[in-house]
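Presented below is the structure to which this report refers.
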2 protein chains.
Amino acid sequence: MAKISLDAVDRKILGFLIKNARMPFLEIARECGVSGAAIHQRVKKLEDAGVILGSRLQVNPKAMGYDVCAIIGIRISDPTKTVQTVEHLRKIPEITECHFITGKYNILIKLYCTNNEHLMHTIFDHILKLPEVSQTETFISLIESFDRQVEIPDLEE
Amino acid sequence: MAKISLDAVDRKILGFLIKNARMPFLEIARECGVSGAAIHQRVKKLEDAGVILGSRLQVNPKAMGYDVCAIIGIRISDPTKTVQTVEHLRKIPEITECHFITGKYNILIKLYCTNNEHLMHTIFDHILKLPEVSQTETFISLIESFDRQVEIPDLEE
DNA sequence: AGTGAAATTCTGTAGCC
DNA sequence: GGCTACAGAATTTCACT
């Protein structure tokens, strides 16, 4: 992935929108001392360049009844089939994050369940039923202390 | 956390905004067959109820030069000081996610670095320098296969 | 790249059903 | 809870610099 040159205004725009994706461009424009059209053009440029991937509403999993968050390390029997495994995992809606990793597990996932029963059901009836999955280790997340975006670097070339 | 009753329209609204937080309310209104004012009122209600936490721009870490993603399990010497440790970790900007977990680690974090040198520097000079941190285990994330939001449940009471 | 202006579209409130 | 209506604001395009 090519690095993109971001100037002070670009970083300011990203900084504002990371905190609130619905912040009006005109408000950003006022903060940056440029016109609204300039913000519009820069955001479009950042989207085209792949710096901005999109925007998302943040919903509160607890408010929707997801009281249990867990992180699970998965070992698979045949690592050449990792890609297929990921496609299977993608179909399990409880799983929100999935990484290929190095080390004692091949895959690390994060998932949300309504309660421990639901978690057990998801692990035993969905994850462990996948043909390539040989072993799992579950870490219950007692508290998600924070979850944020990477910082906009000070300088790019 | 109290569960909130979400009807079909609420779920549709959340579904659209999860994919694109900047989707105009009037467009959502047209898709749902209600007026824009109704969407506005419902979104406000969902915000007040704590279902909607906010919205965020998604930036591409790779486009900003963060080529390395790692997940690190941290063991701390005195688990009663976990809260302080988290406050220390929060100040390290490379760390984007932090969980208290059960199991062989006390804390699990996700972080982004520009390269392996940067990762090593962050682990040795920042994380391991924290007084409570006794041991870490690093898993390099080769690919982040997906990262998404929890599904809106079909029915709530 | 940025600007200003114009046309279009959206937001957010208020009064009503 | 929903709607229409309205005023003010924001978005988006475009000719020009």
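Note on naming: letters A, B, ... go to the chains in the order of the sequence lines (proteins, then strands), and numbering restarts at 1 for each one. Values below: every heavy atom of this structure, side chains too, minus hydrogens, waters and symmetry copies. None of these values were measured; they are calculated from a predicted model.
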Atom-pair distance (CD1 on B/I28; P on D/dG2), nearest Å: 14 Å
message: Mind checking if A/K44 touches a base, just sugar-phosphate, or nothing, with heavy atoms under 4.0 Å?
response: nothing
- request: Please report, rounded to the nearest Å, how far the C1' atom of C/dT11 is from the CG atom of B/L17.
  value: 14 Å
query: According to the interplanar angle, ranging from 0 to 90°, do the rings of B/F25 and B/H40 count as parallel (below 30°), tilted (30 to 60°) or perpendicular (above 60°)?
result: tilted
field: Donor-acceptor under 3.5 Å (A/Q149 side chain, B/L57 main chain)
entry: yes
- prompt: Can you tell me how far C1' of D/dT12 sits from CD of A/E47, to the nearest Å?
  reply: 13 Å
query: So does A/R22 get a side-chain nitrogen or oxygen closer than 4.0 Å to the phosphate oxygens (OP1/OP2) of D/dA10?
result: no
- request: Ignoring hydrogens and angles, tell me if any N or O in the side chain of A/R75 forms a donor-acceptor pair with the backbone of A/K104 under 3.5 Å.
  value: yes
- prompt: Transitively linked via ILVMFWY side-chain contacts under 4.5 Å: B/F139 with B/F124?
  reply: no
query: Tell me: CZ of A/F25 to C1' of C/dC10, nearest whole Å?
result: 13 Å
query: Rounded to whole angstroms, how far apart are CD1 on B/I39 and P on D/dT4?
result: 13 Å
- line: Per atom distances to the B/R30 side chain, the nearest of C/dG4, C/dC10, C/dT11 is C/dC10
query: D/dG1 phosphate, OP1 or OP2: any side-chain N/O from B/R42 under 4.0 angstrom?
result: no
- request: Calculate the interatomic distance between B/K45 atom NZ and C/dT13 atom P; express it in whole Å.
  value: 17 Å
message: Can you work out whether A/P24 or A/Q41 has the more 5'-proximal nearest nucleotide on DNA chain D?
response: A/P24
- prompt: When you check the phosphate oxygens OP1 and OP2 of D/dT12, does a side-chain N or O of A/H40 lie under 4.0 Å from one of them?
  reply: yes
Closest to side chain of A/V34, choosing from C/dT13, D/dA10, C/dT3: C/dT3
Carboxylate-amine/guanidinium contact A/K12 A/D7, below 4.0 Å: no
query: DNA chain C: A/S35 or B/L26, which has the more 5' nearest nucleotide?
result: A/S35
query: So what does A/E27 touch, heavy atoms closer than 4.0 Å: a base, only the sugar-phosphate, or nothing?
result: nothing
message: By nearest atom, which of the nucleotides D/dG2, C/dT3, C/dA1 is closest to the A/A38 side chain?
response: C/dT3
